[in-house]
Amino acid sequence: MAKPPVLTPQSEDFPRWYQDILNKAELADNGPVRGTMVIRPYGYAIWEQMQAQVDARIKAAGASNAYFPLFIPESYLKREAEHVEGFSPELAVVTHAGGKQLEEPVVVRPTSETVIGESMGKWIQSWRDLPLLLNQWANVVRWELRPRVFLRTSEFLWQEGHTAHATEADAAAYARQILHEVYEDFMVNVLALPVVVGCKTPSERFAGATNTMTCEAMMGDGKALQMGTSHELGQNFARAFNINYLDDTGTQQLAWTTSWGVSTRMVGGLIMGHGDDAGLRLPPRLAPVQAVVIAVRDDEAVIARCRELAAELEASGVRTRLDVDTSTSMGRRVTDWELKGVPVRVELGPRDLAAGEVTVTRRDDGSRVAAPLDGVVPVVAEALDRIQADMLERARQTRVARTVPVATVDEAIEAAATGWATLPWDRVGAEGETALGAHAMTVRCLIRADGAVPDSVDEPDLTAVVGRSY
RNA sequence: CGGGGAGUAGCGCAGCUUGGUUAGCGCGCCUGCUUUGGGAGCAGGAGGCCGGGAGUUCGAAUCUCCCCUCCCCGACCA
């Protein structure tokens, strides 16, 4: 008797599968205003893990957290021409407050280059004040015409770093340091998503940037997702906000700035990068719950032993949950924990207890092993390590298998229907980008032949990575 | 914002074409009993201004108009 699937199968309807998983894994709901989302406790626990682990890396890179206002004078946005042009279509503007029309409208921040630039201009006097390395965790608003929970919402949560440097080279180096040591490292080693890191083409650049670099991940349907960006802003914002300093020869100089961010979009990337038809699959280093100890039967001895096992695991540093809800059937509980993507299940029933064993099951591949009851901790620890490594390797293989090297734009259009294509950037050009656009495809990023991030998009012999994207 | 589809119980849907007793079904939820090694079974029960507003009519879930929201496909983005 085949039961109906828990989720719409990915192969049948991927967007529907995504919707199903948001509901059934209790990750998020739509908010009452179009384009907004309610992040439910389990979804927020995932975000908190991301925050904590990204924040630690940001601090290790020398930046300090601060907080800048939600409301920005409209005039600030207008000081940088490209910036305001890029953002004006998606601004939410407050025209009335305190029961009156405001003399100058304020915008709800779509990003904070401008307010932070204003403060930097005040704070920086001397070359001794540089570099100034700031970060803030905040919500931002970009009014979206076609919202999708976690991927594109009108309000989202993120981290935005803003730095000022004495030289272009220093700014460029720091933007790259964040890209690699914070973002790429977190995505690869924690999220187990083997991102491709490169430069955006001029047409895909952040509004006001001189160079935009990106981490691109491949989703389960072969589409690309921009998971994080790091920008070199040149002296554009320094000029607009008078961020200047006296150098060691006593000459006034304009600073060089950067900005960089990752958002709740990463939650969507995590779902679509690893999820399968049974639900979420969370990499152990990120999972809010790494192991769940399940009492298979309503049996006093079993439950007592489960409590001990959970306590042992927790004490060993494994984020553990105890499931002794024996009024719900075993099958149902297993299904629910699978939906939530908990990496390891430790299942104990009367049979296991009698045999002095416990069953340890991996979420990622469904494999199970019997572990001695008095030696569960090392077995679980080993399983968590292997899952982390295997998930990354599996995702890498999938990405490689679905990335096709081609020689022409036409071939790229064909190849990127189901995955990514790579081709020489000099075969694309502006006309090529337009042709790709007609097929809902874009150059996701430019990389060197060896996969490294180029110093500039003007380098010769760059490779373009082409795909459809979210 | 353009094209297409859809809003009826927490979720998924039927009813609408051809207006007419008390608006149904599956899942979920509550209570009880029996169960529990991969989405349990039986019995009883709670839960609806039929997306919102205006209209047509003796009478509207059903017909008309406006608005809102969601999903899919395009143009914009973390």
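In what follows, chains carry the letters A, B, and so on, assigned in the order in which the sequence lines appear, proteins first and then strands, with residues in each chain numbered from 1.
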Chemist: Does the gap between the ring centers of Phe71(A) and Tyr76(A) come in under 6.0 Å?
Modeler: no
Chemist: Please answer whether the main-chain N or O of Ala172(A) pairs with a side-chain N or O of Arg176(A) as donor and acceptor at a distance below 3.5 Å.
Modeler: yes
Chemist: Using a cut-off of 4.0 Å between protein heavy atoms and nucleotide atoms, how would you tag nucleotides 3-11 of chain B 5' to 3' with B, S and -?
Modeler: ---------
Chemist: Is a donor-acceptor contact shorter than 3.5 angstrom present between the side chain of Arg333(A) and the base of G37(B)?
Modeler: no
Chemist: Does Thr214(A) reach the main-chain N or O of Thr229(A) with its side chain, forming a donor-acceptor pair under 3.5 Å?
Modeler: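 Between the backbone of Thr229(A) and the side chain of Thr214(A) there is no qualifying donor-acceptor contact (under 3.5 Å).
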Chemist: Quantified in whole Å, what is the P atom distance between nucleotide U34(B) and nucleotide C70(B)?
Modeler: 48 Å
Chemist: For Val453(A), check side-chain contact (heavy atoms from CB on, under 4.5 Å) against everything at least two apart and list the hits.
Modeler: Leu179(A), His180(A), Val197(A), Cys199(A), Met213(A)
Chemist: Across all strands shown, which nucleotide pairs with G47(B) by Watson-Crick or G-U wobble geometry, both distances under 3.5 Å?
Modeler: none
Chemist: Name all residues meeting the side-chain contact (heavy atoms from CB on, under 4.5 Å) criterion together with Ser75(A); count only those two or more places apart in sequence or in a different chain, and write none if there are none.
Modeler: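 Listed in chain order: Pro73(A), Glu104(A).
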Chemist: Counting the atoms with a prime plus P, OP1 and OP2 as sugar-phosphate, which does Thr359(A) contact under 4.0 Å by heavy atoms, base, sugar-phosphate, or nothing?
Modeler: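 Base contact - Thr359(A) has a heavy atom under 4.0 Å of at least one base atom.
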Chemist: Do any pairs count as a salt bridge (charged side-chain N to carboxylate O under 4.0 Å, His left out) and have a residue in residues 273-288 of chain A, sequence neighbours left out, and if so which ones?
Modeler: Asp276(A)-Arg281(A), Asp276(A)-Arg363(A)
Chemist: Would you say the side-chain atoms of Asn65(A) pair up with the backbone N or O of Gln136(A), donor to acceptor, closer than 3.5 Å?
Modeler: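 Side chain of Asn65(A) to backbone of Gln136(A), a donor-acceptor pair under 3.5 Å: no, none is there.
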Chemist: State the pairing partner of C33(B); accept Watson-Crick or G-U wobble contacts with both distances under 3.5 Å, and report none otherwise.
Modeler: G41(B)
Chemist: Please name all residues satisfying salt bridge (charged side-chain N to carboxylate O under 4.0 Å, His left out) with Glu74(A), sequence neighbours left out, ordered by chain then number.
Modeler: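 Glu74(A) satisfies salt bridge (charged side-chain N to carboxylate O under 4.0 Å, His left out) with Lys78(A) once adjacent residues are dropped.
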Chemist: Is the Phe14(A) ring parallel, tilted or perpendicular to the Trp17(A) ring (thresholds 30°, 60°)?
Modeler: tilted
Chemist: Under a 3.5 Å cut-off for both contacts, is C65(B) paired Watson-Crick or G-U wobble with anything, and if yes, with which nucleotide?
Modeler: G53(B)
Chemist: Between protein and nucleotides 69-78 of chain B, what N or O pairs are separated by less than 3.5 Å?
Modeler:
from: C70(B); atom 1: OP1; to: Gly35(A); atom 2: N; distance (Å): 3.4
from: C70(B); atom 1: OP2; to: Arg34(A); atom 2: NH1; distance (Å): 2.5
from: C72(B); atom 1: OP1; to: Arg148(A); atom 2: NH1; distance (Å): 3.0
from: C73(B); atom 1: OP2; to: Arg146(A); atom 2: NH2; distance (Å): 2.7
from: A75(B); atom 1: OP1; to: Gly437(A); atom 2: O; distance (Å): 2.7
from: C77(B); atom 1: O2; to: Arg265(A); atom 2: NH2; distance (Å): 3.0
from: C77(B); atom 1: N4; to: Tyr470(A); atom 2: O; distance (Å): 3.3
from: A78(B); atom 1: O3'; to: Gln226(A); atom 2: NE2; distance (Å): 2.1
from: A78(B); atom 1: N6; to: Thr153(A); atom 2: N; distance (Å): 3.1
from: A78(B); atom 1: N6; to: Thr153(A); atom 2: O; distance (Å): 2.9
from: A78(B); atom 1: N3; to: Ser263(A); atom 2: OG; distance (Å): 2.7

Chemist: On a plain distance test, is the side chain of Arg345(A) in donor-acceptor contact with the base of G38(B) below 3.5 Å?
Modeler: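 Looking at the base of G38(B), it does pair with a donor or acceptor on the side chain of Arg345(A) (distance under 3.5 Å).
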Chemist: Mark yes or no for a side-chain to base donor-acceptor pair under 3.5 Å between Asp336(A) and G39(B), with no hydrogen or angle criteria applied.
Modeler: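 No pair found.
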